[in-house]
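To keep things clear, I will list the structure first and then write my remarks on it.
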Amino acid sequence: AAMAAPGARGRILSWPRVLLFGDSITEYSFQENGWGAYLAERLVRKCDVVNRGISGYNTRWAKLILPRLITGSSSGDSIVAVTIFFGANDSALKDLNPKQHVPLEEYAANLKSMIQYLKSVDITEDRIILITPPPLQESAWEKACLAKGKRM
């Protein structure tokens with residue numbers, strides 16, 4: 001069968017979007033066996049899974065860039081879910097990494113701020129998925145670093 005001629009009547013096909021917003025754990029999630037790749041595979045032809053992971057970012061910087069990723073005119077209708085996955089960089093030890101470290105109270109406030117922003121552009125709470133980083137067991141981490149010949 002011939003393809004439809006340009007200007008042929010019919011609706012443009014567009015899929016709802018799932019936006020993954022986070023740090024490097026999100027950015028690299030489309031690598032082989034990554035959680036983002038798995039999600040995109042599961043949702044193929046149902047939703048477009050859009051990766052907006054930004055390596056090295058913490059919640060302090062993320063809340064500033066979020067309005068540039070999702071604007072009021074982005075049409076909240078087309079976004080069916082947004083994941084927010086930050087905390088690994090925020091939890092960096094203040095003495096060793098003051099640039100990325102974010103105190104716990106500010107981390108919580110930044111997450112609330114991002115949720116409020118999303119709600120303000122008509123992305124309802126039921127479409128916002130917070131993913132928290134796993135807990136850090138410092139003694140096990142130190143052991144793993146020493147095994148690799150690195151200091152914590």
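- Not a single donor-acceptor pair under 3.5 Å links the side chain of Asn89 to the backbone N or O of Gln100.
- Linking Ile, Leu, Val, Met, Phe, Trp and Tyr residues whenever their side-chain heavy atoms come within less than 4.5 Å places Ile128 and Val121 in a single cluster.
- Of the residues Leu20, Leu19, Val82, the one that meets the side-chain contact (heavy atoms from CB on, under 4.5 Å) test with Val50 is Leu19.
- Criterion: ILVMFWY side-chain heavy atoms under 4.5 Å apart, direct or through other members. Under it, Tyr38 and Ile129 are not part of a common hydrophobic cluster.
- No donor-acceptor pair under 3.5 Å is formed between the side chain of His101 and the backbone N or O of Leu93.
- In summary, of the residues considered (Arg60, Lys94, Lys112), a salt bridge (Lys or Arg N to Asp or Glu O under 4.0 Å) with Glu106 occurs for Arg60 alone.
- Under a 3.5 Å cut-off, the side chain of Tyr107 and the backbone N or O of Asn58 do not form any donor-acceptor pair.
- Put simply, Val49 and Tyr28 are part of two different groups of oily side chains (I, L, V, M, F, W, Y) that touch within less than 4.5 Å, one to the next.
- In this structure, CD in Gln116 is found 7.5 Å from CD in Glu125, a value given to the nearest 0.5 Å.
- Hydrophobic clustering, with ILVMFWY side chains joined whenever heavy atoms are under 4.5 angstrom apart, groups Leu130 together with Ile79.
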Are Ile131 and Ile25 close enough, and set up right, to give a side chain to side chain contact (heavy atoms under 4.5 Å, CB included), and what steps lead you there?
CA-CA 11 Å; Ile131 304 171; Ile25 299 170; over 6 Å; no
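- For the pair Arg42 and Lys46, the tightest heavy-atom approach, listed with the atom from each and the gap, is O-NZ, 3.9 Å.
- In this structure a side-chain-to-backbone donor-acceptor pair under 3.5 Å is present from Arg127 to Asp122.
- Across all non-hydrogen atoms, the minimal contact from Pro67 to Thr71 is O-CG2, 3.3 Å.
- Looking at Asp90, Asp23, Ile84 one by one, the single match for side-chain contact (heavy atoms from CB on, under 4.5 Å) with Thr59 turns out to be Asp90.
- For OH of Tyr117, the number of neighbouring non-hydrogen atoms (other residues, nucleotides, ligands) closer than 6.0 Å is greater than 12.
- One hydrophobic cluster, built from ILVMFWY side chains closer than 4.5 Å, cannot hold both Leu39 and Val44; they sit in different ones.
- Counting heavy atoms from C-beta on, the side chains of Asn110 and Phe86 never come closer than 4.5 Å.
- Tested against Phe21, the residues Ile65, Leu118, Thr26 include a single side-chain contact (heavy atoms from CB on, under 4.5 Å) partner, Ile65.
- A heavy-atom distance below 4.5 Å is found between the side chains of Leu66 and Ile70.
- Side chain of Ser91 to backbone of Ala88: a donor-acceptor contact under 3.5 angstrom is found.
- Under a 3.5 Å cut-off, the side chain of Asp48 and the backbone N or O of Arg17 do not form any donor-acceptor pair.
- Pairing each heavy atom of Ser55 with each of Glu27, the nearest pair is N-OE1, 2.6 Å.
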